[in-house]
Amino acid sequence: MLKRIFISYSWESEEHKKLVNDLGEKLENDGLEVTIDQWDVRPGDELALYMERAIKESDYVLIICSEGYKTKADNRIGGSGYEAKIITSNILV
């Protein structure tokens with residue numbers, strides 16, 4: 001069965017987004033089904049709903065935890081902050 005992975009990261013620079021894009025392509029070449037917002041989100045899409053579904057429907061969530069991501073996640077700012085809330089609420093203890 002193909003494993004589905006959602007990559008959560010912060011849009012910090014074009015170089016950073018390219019790094020995430022390249023990682024996603026490598027993971028797909030290795031046989032995973034990858035979900036990344038820069039591939040899937042279109043103008044007019046509801047971002048919160050996209051994030052909720054992507055996390056819920058994935059087998060794994062890979063967090064690219066850069067300094068910018070950590071700051072946004074810790075302070076619940078922007079998309080990274082919202083994703084951190086969703087991920088935290090879905091962690092099974």
Side-chain angles (χ1 to χ4, degrees):
M1 174 183 249
L2 192 64
K3 295 293 182 177
R4 188 169 186 182
I5 186 167
F6 172 65
I7 301 179
S8 178
Y9 67 103
S10 178
W11 283 38
E12 296 174 28
S13 67
E14 290 304 315
E15 179 183 0
H16 186 70
K17 289 193 308 190
K18 182 178 179 343
L19 178 132
V20 172
N21 181 73
D22 292 349
L23 175 60
E25 288 178 356
K26 171 151 182 25
L27 292 170
E28 283 204 332
N29 288 335
D30 289 343
L32 295 169
E33 182 181 338
V34 177
T35 301
I36 303 177
D37 57 0
Q38 62 181 292
W39 295 354
D40 303 321
V41 175
R42 301 291 173 249
D45 286 352
E46 187 180 331
L47 224 65
L49 181 60
Y50 166 79
M51 290 184 272
E52 291 167 11
R53 283 185 179 159
I55 291 167
K56 181 180 178 182
E57 295 172 358
S58 293
D59 298 301
Y60 301 97
V61 175
L62 174 62
I63 300 172
I64 308 300
C65 194
S66 61
E67 187 175 327
Y69 186 98
K70 182 183 180 324
T71 298
K72 291 177 182 179
D74 287 348
N75 295 293
R76 301 303 196 245
I77 298 169
S80 300
Y82 188 69
E83 287 175 6
K85 282 192 250 185
I86 299 167
I87 293 165
T88 301
S89 70
N90 283 285
I91 293 176
L92 301 175
V93 187

Task: side-chain contact (heavy atoms from CB on, under 4.5 Å) between D30 and K26, worked out - done: CA-CA 6 Å; D30 289 343; K26 171 151 182 25; 2.9 Å; yes
For the [atom1] atom of [X] and the [atom2] atom of [Y], what is their distance to the nearest 0.5 Å?
| X | Y | atom1 | atom2 | value |
| --- | --- | --- | --- | --- |
| E67 | K72 | CD | NZ | 12.0 Å |
| S13 | K18 | OG | NZ | 12.0 Å |
| F6 | M51 | CZ | CE | 7.5 Å |
| D37 | L47 | CG | CG | 7.0 Å |
| Q38 | I7 | CD | CD1 | 8.5 Å |
| I36 | L23 | CD1 | CG | 7.0 Å |

TODO: Identify whether Y60 and V34 are in the same connected component of the hydrophobic contact network (ILVMFWY, side-chain heavy atoms under 4.5 Å).
DONE: yes
Task: Same cluster (ILVMFWY, side-chain, under 4.5 Å), L32 and I64 - done: yes
Task: Exercise: identify the closest heavy-atom pair between A84 and R76 - done: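 The answer is CB-NH1, 3.6 Å.
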Task: Closest heavy-atom pair and its distance - K70, C65 - done: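 So the minimum-distance heavy-atom pair works out to CB-SG, 4.3 Å.
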TODO: For residues I55 and I87, determine if any side-chain heavy atom of one lies less than 4.5 Å from a side-chain heavy atom of the other.
DONE: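 The answer is yes, as the side chains (C-beta and beyond) meet within the 4.5 Å cut-off.
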Open item on the list: Counting C-beta onward and ignoring hydrogens, is there a side-chain heavy-atom pair between W11 and K17 closer than 4.5 Å?
Closed with: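 In short, these two side chains touch, coming nearer than 4.5 Å.
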Task: Steps toward side-chain contact (heavy atoms from CB on, under 4.5 Å) verdict (E57, T35) - done: CA-CA 10 Å; E57 295 172 358; T35 301; over 6 Å; no
Between the side chain of [X] and the main-chain N/O of [Y], is any donor-acceptor distance below 3.5 Å?
| X | Y | result |
| --- | --- | --- |
| Y9 | I63 | no |
| S58 | V61 | no |
| D74 | T71 | no |
| D59 | R4 | yes |

Open item on the list: Run N21 and W39 through side-chain contact (heavy atoms from CB on, under 4.5 Å) and show every step you take.
Closed with: CA-CA 8 Å; N21 181 73; W39 295 354; 2.5 Å; yes
